[in-house]
Amino acid sequence: MTSHIRTAALLLTILILCCALPLAGQQKPQWAPGQVGLNAGIFPPPGVSYANITLNYNSGTFNGPDGKAVPVTGTYNVWAVENVFYYVPNAKILGGNLGFMIVFPTPATGSLAGDVQSPVTGVPNLAFTAGGSGLADIFIQPFSLGWHLKRVDFQVSDGIMAPTGRYTPGATNNVGLGYFGNHVMTGTTAYLTKNKATSANLFTDWEVHGSRQGANGTSKTPGQAFTTEWGLGQMLPLKKDFSQLMQVGLVGYDQWQVSNNGGTVPLGTTTVAATSLPHYAVHAVGGELTYILPKKNLAFNFKVEKEYKSSSHFLGTTIVFGGAWTLKIPKK
């Protein structure tokens with residue numbers, strides 16, 4: 001069963017770490033948590049891989065700095081369809097496989113910015129930037145390395161978010177983020193059983209942001225953010241010849257702002273220092289289910305994660321589903 005588990009796990013990587021779409025805004029960092037859970041450390045096999053992933057984040061609640069809900073109007077609802085292309089050549093560096101990835105185009109309905117309108121008087125409106133639709137920003141991963149060890153798979157990568165999507169300061173129909181971001185990411189998968197059917201997984205992302213133009217001549221540099229995503233998974237054969245497999249697991253994520261914002265932000269007719277904004281945090285737990293056809297290099301994935309705690313952040317639900325296919329490079 002070990003060889004079938006390895007093949008299935010390689011396929012599943014296309015559905016997770018390679019496909020993660022960064023989102024951003026006033027109350028959200030660039031990385032959209034919930035897309036990495038199981039098989040976080042497994043690197044794709046040499047070849048060309050394609051994945052189509054649909055993500056939905058929906059929230060009708062916003063928690064203040066004390067973690068308690070504040071009065072709001074509207075709902076924050078985002079849909080994004082990711083097209084992911086990944087290439088792994090038959091080459092190694094420092095004993096690890098080298099890989100490259102790009103996420104584009106990404107049609108999106110609803111703003112990916114995640115801003116909450118906070119006028120001097122009145123209540124915040126979660127739907128303030130919910131009128132946008134179009135193509136989101138481009139995400140490029142120019143460098144990644146993956147190692148396959150006896151009981152552990154590990155990978156490290158660097159990703160760049162480029163603000164190519166539509167963004168106008170203060171607009172209600174933005175789709176792009178309006179600023180650059182750099183992401184240093186790691187993924188680890190530890191196998192708890194000899195046949196590698198049971199695994200523990202951990203993903204991390206440290207992101208640093210550039211400056212973004214705001215309304216009324218302001219300019220803000222969002223604070224750095226740190227994300228962890230974890231998962232405990234079990235692979236199950238649906239047929240005796242292992243031609244069909246099912247992976248089930250418990251997954252979750254935790255995300256924090258870890259440094260102060262820079263620059264200034266508008267407040268009514270005046271401006272204030274962005275350092276006065278509170279740091280955000282959010283935590284979620286849920287389940288993941290994946291159907292795998294190892295011989296066809298094909299997999300389909302579905303995941304739901306419910307946020308149970310947050311501060312200065314939305315409190316909602318993340319749903320991710322899609323499929324992936326790999327055209328392998330034949331071994332010499």
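The structure displayed is predicted, hence computed values, not measured ones. Computation of the quantities below employed the complete heavy-atom set of this structure, encompassing side-chain atoms and omitting hydrogens, waters and symmetry-equivalent molecules. Note that the numbering runs from 1 along the sequence shown for the chain.
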For residues [X] and [Y], determine if any side-chain heavy atom of one lies less than 4.5 Å from a side-chain heavy atom of the other.
| X | Y | result |
| --- | --- | --- |
| N83 | P107 | yes |
| P163 | F180 | yes |
| Q244 | L293 | yes |
| V251 | V285 | no |
| L98 | L145 | yes |
| T188 | V152 | yes |

Fill in: Quiz item: cation-pi between K28 and Y57, 6.0 Å / 45°
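K28 over Y57 ring: yes.
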Rounded to the nearest 0.5 Å, what separation is found between the [atom1] atom of [X] and the [atom2] atom of [Y]?
| X | Y | atom1 | atom2 | value |
| --- | --- | --- | --- | --- |
| L135 | I138 | CG | CD1 | 10.5 Å |
| N301 | I292 | CG | CD1 | 9.0 Å |
| M101 | S49 | CE | OG | 11.5 Å |
| Q224 | N182 | CD | CG | 10.5 Å |
| I102 | I140 | CD1 | CD1 | 5.0 Å |
| S199 | R151 | OG | CZ | 11.5 Å |

Item to complete: Assess whether side-chain contact (heavy atoms from CB on, under 4.5 Å) is satisfied between N97 and H148, documenting all intermediate values.
Response: CA-CA 9 Å; N97 293 101; H148 302 292; 3.8 Å; yes
Practice prompt. Decide side chain to side chain donor-acceptor pair (under 3.5 Å) for S219 and Y179; before the verdict, give the C-alpha distance in whole Å, the side-chain angles of both, and the deciding distance to 0.1 Å.
Written response: CA-CA 11 Å; S219 178; Y179 63 95; over 6 Å; no
Using modelled atom types and a 3.5 Å cut-off, is there a donor and acceptor pairing between side-chain atoms of [X] and backbone atoms of [Y]?
| X | Y | answer |
| --- | --- | --- |
| T317 | K306 | no |
| K303 | F321 | no |
| N216 | P266 | no |
| R166 | S133 | yes |
| N201 | G231 | yes |
| W206 | T227 | no |
| H209 | P222 | yes |
| E307 | A284 | no |
| E288 | F302 | no |
| N174 | G176 | no |

Fill in: Ring centroid separation F139 to H183 under 6.0 Å
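So the answer is yes for these two rings.
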Item to complete: Examine W325 together with Y50 and report whether their ring centres are nearer than 6.0 Å.
Response: no
Worksheet entry | Test ring-ring contact (aromatic ring centres under 6.0 Å, His included) applied to H283 and W256, step by step | CA-CA 9 Å; H283 311 273; W256 304 266; 5.7 Å; yes
Tell me whether [X] shares a hydrophobic cluster with [Y], the cluster being built from Ile, Leu, Val, Met, Phe, Trp, Tyr side chains joined at under 4.5 Å.
| X | Y | value |
| --- | --- | --- |
| W31 | F226 | no |
| F300 | L238 | yes |
| Y76 | F62 | yes |
| F43 | L202 | no |
| Y191 | W230 | no |

Practice prompt. Apply side-chain contact (heavy atoms from CB on, under 4.5 Å) to the pair Q35 and L55, showing each step before the final yes or no.
Written response: CA-CA 8 Å; Q35 298 182 79; L55 177 144; 3.4 Å; yes
If you look at every heavy atom in [X] and [Y], which pair is closest and at what distance?
| X | Y | answer |
| --- | --- | --- |
| A215 | P169 | N-CB, 3.8 Å |
| G262 | A274 | O-CB, 3.4 Å |
| S312 | P278 | OG-CG, 3.3 Å |
| A225 | V258 | N-CG2, 4.0 Å |
| L177 | R212 | O-CD, 3.0 Å |
| V88 | P45 | CB-O, 3.6 Å |

Practice prompt. List the steps, then state whether side chain to side chain donor-acceptor pair (under 3.5 Å) holds for T106 with E82.
Written response: CA-CA 5 Å; T106 301; E82 309 164 29; over 6 Å; no
Discussion item. I'd like to know whether M185 forms a side-chain contact (heavy atoms from CB on, under 4.5 Å) with F203, so could you lay out the CA-CA distance, the side-chain angles of the two residues, the decisive distance to 0.1 Å, and finally the verdict.
Written reply: CA-CA 7 Å; M185 300 169 284; F203 164 83; 3.9 Å; yes
Item to complete: Check the pair S310, N63 against side chain to side chain donor-acceptor pair (under 3.5 Å), reporting the backbone distance first and the verdict last.
Response: CA-CA 6 Å; S310 71; N63 287 345; 3.1 Å; yes
Between [X] and [Y], a side-chain donor and acceptor under 3.5 Å:
| X | Y | answer |
| --- | --- | --- |
| S144 | S157 | no |
| Y253 | E305 | no |
| H279 | N261 | no |
| T218 | T271 | no |
| N195 | T193 | yes |
| T186 | T204 | yes |
| N39 | Q247 | yes |

Discussion item. Between T318 and N56, does the side-chain contact (heavy atoms from CB on, under 4.5 Å) criterion hold? Intermediate values first, please.
Written reply: CA-CA 6 Å; T318 298; N56 173 248; over 6 Å; no
Worksheet entry | Heavy-atom neighbours of L327 CG exceed 12 at 6.0 Å | yes
